[in-house]
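Heads up, the thing below is written out as structure tokens.
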2 protein chains.
Amino acid sequence: MNKKIADLNRYLADKGLKITRQREAVAQVFFDTDGHISAEELYIKVSRSYPGVGLTTVYRTLKLLKEAGLAKERRFAEDSQGVFEKEDTARHHDHLICTRCGKIIEFKEPLIEKLQEEVAQKHGFSVEDHKMELYGLCSSCRTA
Amino acid sequence: MNKKIADLNRYLADKGLKITRQREAVAQVFFDTDGHISAEELYIKVSRSYPGVGLTTVYRTLKLLKEAGLAKERRFAEDSQGVFEKEDTARHHDHLICTRCGKIIEFKEPLIEKLQEEVAQKHGFSVEDHKMELYGLCSSCRTA
DNA sequence: CAATAATTGAAATTGATTATCATGTTCTCT
DNA sequence: AGAGAACATGATAATCAATTTCAATTATTG
């Protein structure tokens with residue numbers, strides 16, 4: 001699935017930026033990753049397939065991916081490290097987070113989104129994006 | 001409204017910790033603050049009424065307030081600094097955030113909460129807490 | 001009031017992220 | 001293809017928020 005790499009390259013060309021081996025490496029590995037990944041983790045993962053790419057470049061590329069609308073940064077409570085995920089999966093999904101074991105489940109609920117729109121309108125807002133996190137105990141932690 | 005100070009003192013006594021002038025100062029100023037405040041901002045505010053209280057102590061006291069269930073820490077996207085708010089207002093309210101001017105409006109929507117419970121149950125979770133943020137443009141930024 | 005244990009503030013430390021800078025690469029134009 | 005200009009890279013240093021350390025101080029308890 002090189003469509004996203006193509007999207008990135010189009011964005012770069014558009015901005016007068018350059019297509020490099022490192023950017024492609026980081027982007028490729030990132031797009032092959034499901035769920036959330038931190039810059040540090042991505043750096044390690046990239047290093048396995050494409051050694052010699054610096055952590056700094058990983059940070060910089062993730063920033064570009066955000067600007068290009070291909071990645072999304074999230075910050076979970078109490079977590080000092082930011083995590084990234086692909087923008088397409090980031091869109092319209094929310095998180096259930098177990099406060100004991102840290103397990104994170106992603107879900108979608110169109111009805112909630114409809115209500116969000118309504119609330120926003122009531123306050124004169126137009127919604128572009130949202131983030132919802134439910135904190136609680138997962139079934140295994142509750143019975144344990 | 002010294003009830004909360006009393007709550008804090010009860011918590012401290014319970015844990016074998018001490019009631020100090022500094023803790024009371026930080027707590028008092030924090031409880032008199034509406035909305036969100038960062039540790040740094042709170043430090044400045046405290047320093048005006050009670051000079052000589054260190055930033056470290058503000059951080060430590062906020063941590064205690066969290067443990068005592070009297071404060072809640074939040075982390076908004078893209079914001080490196082965590083912010084705190086009183087637990088009573090933190091409970092069951094959500095945020096509308098303008099992506100241009102940064103304005104934050106708080107709201108409640110019981111229906112959304114009901115749906116959250118249902119979704120969680122579907123995944124075997126019991127909800128203890130939640131966080132929801134809607135990002136968009138406020139009315140003035142949209143027309144500007 | 002004395003002994004004990006917790007607290008304080010300043011400074012040092014950590015961990016994540018960003019800036020700097022000399023060197024290397026890509027793109028554009030011919 | 002080649003040269004020049006502009007951008008990118010990676011190592012290191014710097015920054016920023018938050019935490020830890022530690023010697024000196026203070027609250028509690030008996």
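In what follows, every heavy atom counts, from backbone to side chain, and hydrogens, waters and symmetry copies are set aside. Each chain gets a letter, A, B and so on, in the order its sequence line appears, and its residues count up from 1.
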Separation of D:dA8 atom P from A:N9 atom CG, nearest Å, is 13 Å
Whole-Å distance, A:L12 CG to C:dC27 P, equals 9 Å
Between B:R23 and C:dT8, is there a side-chain N or O to OP1/OP2 distance below 4.0 Å? yes
>> If the threshold is 4.0 Å, N to carboxylate O, is there a salt bridge linking B:K72 and B:D129?
In response: yes
What residues 47-64 of chain B contributes to the DNA chain D interface at heavy-atom separation below 4.0 Å is B:T56, B:Y59, B:R60
Report the C-alpha distance between A:Q81 and A:S38 in whole Å, list the side-chain angles of each, state the deciding distance to 0.1 Å, and finish with yes or no for side chain to side chain donor-acceptor pair (under 3.5 Å). CA-CA 7 Å; A:Q81 216 173 167; A:S38 71; 3.2 Å; yes
B:Y11 atom OH is separated from C:dA6 atom P, nearest whole Å, by 14 Å
Note to self: Please report whether the ring centroid of B:H130 lies less than 6.0 Å from that of A:H95.
What the structure shows: no
Whole-Å distance, A:Y43 OH to C:dG15 C1', equals 16 Å
To the nearest angstrom, the CD-C1' distance between B:Q81 and D:dC16 comes to 9 Å
Can you tell whether the side chains of A:K4 and A:D7 come within less than 4.0 Å, N to carboxylate O? no
Heavy-atom side-chain proximity of B:F125 to A:R142 below 4.5 angstrom:
no
Taken to the nearest 0.5 Å, the spacing of B:D94 CG from B:I112 CD1 works out to 6.5 Å
Show each protein N/O and nucleotides 28-30 of chain D N/O combination with a separation under 3.5 Å, one pair to a line.
{"from": "D:dT28", "atom 1": "OP1", "to": "B:I19", "atom 2": "N", "distance (Å)": "3.3"}

From CZ of B:R21 across to P of D:dT25 the rounded distance in Å is 13 Å
- Query: Quick one: do the B:Y135 and B:E133 side chains pair a donor with an acceptor below 3.5 Å?
  - Reply: yes
- N or O in side chain of B:Q22 less than 4.0 angstrom from C:dG9 OP1/OP2: yes
Atom CD of A:E24 and atom P of C:dT25 are separated, to the nearest Å, by 17 Å
Here the distance between atom P of D:dT19 and atom CD of B:E67, to the nearest Å, is 11 Å
Exercise for the section: Using a strict cut-off of less than 4.0 Å between a Lys/Arg side-chain nitrogen and an Asp/Glu carboxylate oxygen, indicate whether A:K86 and A:D34 qualify as a salt bridge. Expected result: yes
Q.
Is it true that B:T99 and A:E128 share a donor-acceptor pair across their side chains at a distance under 3.5 Å?
A. yes
